[in-house]
Protein chains: 2
Amino acid sequence: MFFTKSFGYAVRGILYVALMSDEKRKVQIEEIAERLSVPKHFLGKIMNKVVKQKILDSTKGPYGGFSVNNSTLSVPLLKVMEVTEGLEQFSMCALGLKKCDPEHPCPVHYKMEGLRSDLRKALAEDTINDLMIGNKPELIRNISAT
Amino acid sequence: MFFTKSFGYAVRGILYVALMSDEKRKVQIEEIAERLSVPKHFLGKIMNKVVKQKILDSTKGPYGGFSVNNSTLSVPLLKVMEVTEGLEQFSMCALGLKKCDPEHPCPVHYKMEGLRSDLRKALAEDTINDLMIGNKPELIRNISAT
DNA sequence: TTTAAAAAAGACATTGAAGTCATTTATAAT
DNA sequence: ATTATAAATGACTTCAATGTCTTTTTTAAA
Ligand code: FES
Ligand code: FES
């Protein structure tokens, strides 16, 4: 795949919270990790970053957990990528060379630049909300690892 | 970048040999590693795989080294990727889910499938020869890490 | 046939992503 | 105030990609 596991965990975790935290209920890391078959503590660290970047809210203590805020649904996947693995990918040479720019184009530079920008555009356009079309149970099934 | 370092080393190594082994001269790993600023022994292992897959020829001993064969120039980059890091990327879920198919599409499946197939197509179309247009010294500069 | 050169092979070391575990901090209910 | 709950934090382990070093194998020249 193009991304780190952290990115996948983050997207699925955010999505799960967005799908489940209907009313006042908050969603605990325990539940997310179980339903998504994801390592609990590792997911915890990733969700922590997500909260620090205001993509989700969290509260400690009893009846605490993760919940959406007023920006959650409009967060683009590119933002999630930025939080989890950074955006260096998009400015790195596909062949691993130090510089990647039109001044020092490796033999695949122009082609790769096009593909990278396609991917980046797709991630910038797609928001959490865009991933939530469809019926809830099916969506949840489709983000669970089985 | 989308690829492993191994892939980049392989492409650059093959390209260097294709550019330098004009006449009867063979190119040694020592020279390749130096010119491309790549770890010698690691490159050696990668070149070894490349030779095993008949992308290049090699001979041991004095006056030995790596040389192009009659298929080298028509090898697509996809083949180089297959040799170095495999093609699993193209059938893996972008979110890390076990299955990746239209039966179990994650929320980014269709978009990612499109992007992946664009990349795959680009790599399948582009051959070593396609990367060799232009003047030799500049090409060599452009695959050196500096 | 001996020697030197070069690739091939194998045994380790390093590194960063991923994962585990224990402790600390914050908070809601009583 | 105390307690229980849940996130946050930090120390550690694991694993695969990468990188280093040494030894082995092959081959051409003399
Ligand atoms: S220089 Fe290689 S992709 Fe830009
Ligand atoms: S199922 Fe996720 S990319 Fe195909």
Side-chain angles (χ1 to χ4, degrees), chain A residues 1-10 12-14 17 21 24-34 36-67 69 81 83-86 88-89 92 95-96 145, chain B residues 1-10 12-14 17 21 24-34 36-67 69 81 83-86 88-89 92 95-96 145:
Chain A
M1 57 188 151
F2 295 120
F3 310 109
T4 59
K5 292 201 175 185
S6 292
F7 172 77
Y9 291 163
R12 291 163 65 204
I14 295 165
V17 171
S21 72
K24 294 288 181 155
R25 193 171 86 85
K26 289 173 181 167
V27 187
Q28 286 77 46
I29 198 77
E30 185 84 33
E31 175 185 339
I32 308 174
E34 265 178 23
L36 303 185
S37 306
V38 155
K40 185 171 90 171
H41 296 286
F42 188 45
L43 180 61
K45 287 177 189 180
I46 295 164
M47 294 301 275
N48 188 13
K49 289 184 191 173
V50 165
V51 167
K52 282 218 179 82
Q53 298 302 313
K54 316 275 194 190
I55 295 174
L56 285 178
D57 285 348
S58 73
T59 58
K60 295 178 173 182
Y63 294 81
F66 297 90
S67 53
N69 60 33
M81 181 172 173
V83 169
T84 52
E85 55 173 301
E88 298 78 26
Q89 307 290 349
M92 288 174 69
L95 299 185
Chain B
M1 63 188 143
F2 297 121
F3 311 109
T4 58
K5 292 200 173 184
S6 293
F7 172 76
Y9 291 163
R12 291 163 64 204
I14 295 165
V17 172
S21 73
K24 293 288 182 154
R25 195 174 84 88
K26 290 173 181 169
V27 187
Q28 286 78 45
I29 198 75
E30 185 83 34
E31 174 184 340
I32 308 174
E34 264 177 27
L36 304 185
S37 307
V38 156
K40 185 171 94 171
H41 296 288
F42 188 44
L43 179 62
K45 288 174 189 179
I46 295 164
M47 294 300 276
N48 189 12
K49 289 184 191 172
V50 165
V51 167
K52 283 217 178 82
Q53 298 302 314
K54 318 274 192 191
I55 295 174
L56 286 177
D57 286 348
S58 73
T59 58
K60 294 181 173 181
Y63 296 80
F66 297 90
S67 53
N69 60 35
M81 181 172 174
V83 168
T84 52
E85 55 172 299
E88 299 77 26
Q89 307 289 352
M92 287 174 70
L95 299 185

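Throughout, a chain's letter reflects where its sequence line sits, starting with A, and its residues are numbered from 1. Keep in mind it's a predicted model, so treat the numbers as computed, not measured.
- Of the possible polar contacts, one joining the Gln28(A) side chain to the Gly64(A) backbone as a donor-acceptor pair under 3.5 Å is found.
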Short heteroatom pairs, N/O only, protein and nucleotides 24-27 of chain C, under 3.5 Å:
residue, atom, partner, partner atom, Å
dT25(C), O2, Lys60(A), NZ, 3.4
dA26(C), O4', Lys60(A), NZ, 3.4

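- For the residue pair Val17(A) and Phe66(A), the shortest heavy atom distance occurs at CG1-O, 3.8 Å.
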Per-nt protein contacts along nucleotides 12-17 of chain C (heavy atom under 4.0 Å; B base, S backbone sugar-phosphate only, - none) come out as ------

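- Here the straight-line distance linking atom CD of Glu88(A) with atom CE of Met81(A) works out to 8.0 Å at 0.5 Å rounding.
- Distance check: Ser21(A) OG to Asp57(A) CG gives 10.0 Å after rounding to the nearest 0.5 Å.
- Where Phe66(A) and Gly64(B) meet DNA chain D, the nucleotide closest to each residue was compared, and Phe66(A) sits on the side nearer the 5' end.
- Atom NZ of Lys5(B) sits about 10.0 Å away from atom CZ of Arg12(B), to the nearest 0.5 Å.
- Against DNA chain D, the stretch residues 48-58 of chain B makes no heavy-atom approach under 4.0 Å.
- The side chain to side chain donor-acceptor pair (under 3.5 Å) search around Thr84(A) returns none, not counting sequence neighbours.
- Taking the nucleotide of DNA chain C with the nearest heavy atom to each of Tyr63(A) and Lys40(A), the more 5' of the two is matched to Lys40(A).
- The outermost nucleotides of DNA chain D lying under 4.0 Å from heavy atoms of chain A, listed 5' to 3', are dA4(D) to dA11(D).
- Annotation: the span from Leu95(B) atom CG to Phe7(A) atom CZ amounts to 6.5 Å, rounded to 0.5 Å.
- Atoms CD1 and CD, from Ile32(A) and Glu34(A) in turn, are 11.0 Å apart once rounded to the nearest 0.5 Å.
- Leu43(A) places its CG atom 16 Å from the P atom of dC21(C), with the value rounded to the nearest Å.
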Determine all donor-acceptor pairs shorter than 3.5 Å in which one atom belongs to a side chain in residues 41-53 of chain B; sequence neighbours excluded.
none

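- Considering NZ of Lys54(B) and CG of Leu56(B), their distance stands at 12.5 Å, rounded to 0.5 Å.
- The nearest whole Å value for the distance from the CD1 atom in Ile46(A) to the P atom in dA18(C) is 8 Å.
- Distance, Met47(A) CE to dA18(C) C1': 17 Å, rounded to whole Å.
- Contact between Lys26(A) and Thr59(A) at its shortest, heavy atoms only, is NZ-OG1, 3.2 Å.
- Here the closest heavy-atom approach between residue Ile14(A) and residue Ile55(A) is recorded as CD1-CG2, 3.8 Å.
- Backbone-only engagement by Tyr9(A) is indicated by non-hydrogen atom pairs under 4.0 Å involving sugar-phosphate atoms exclusively.
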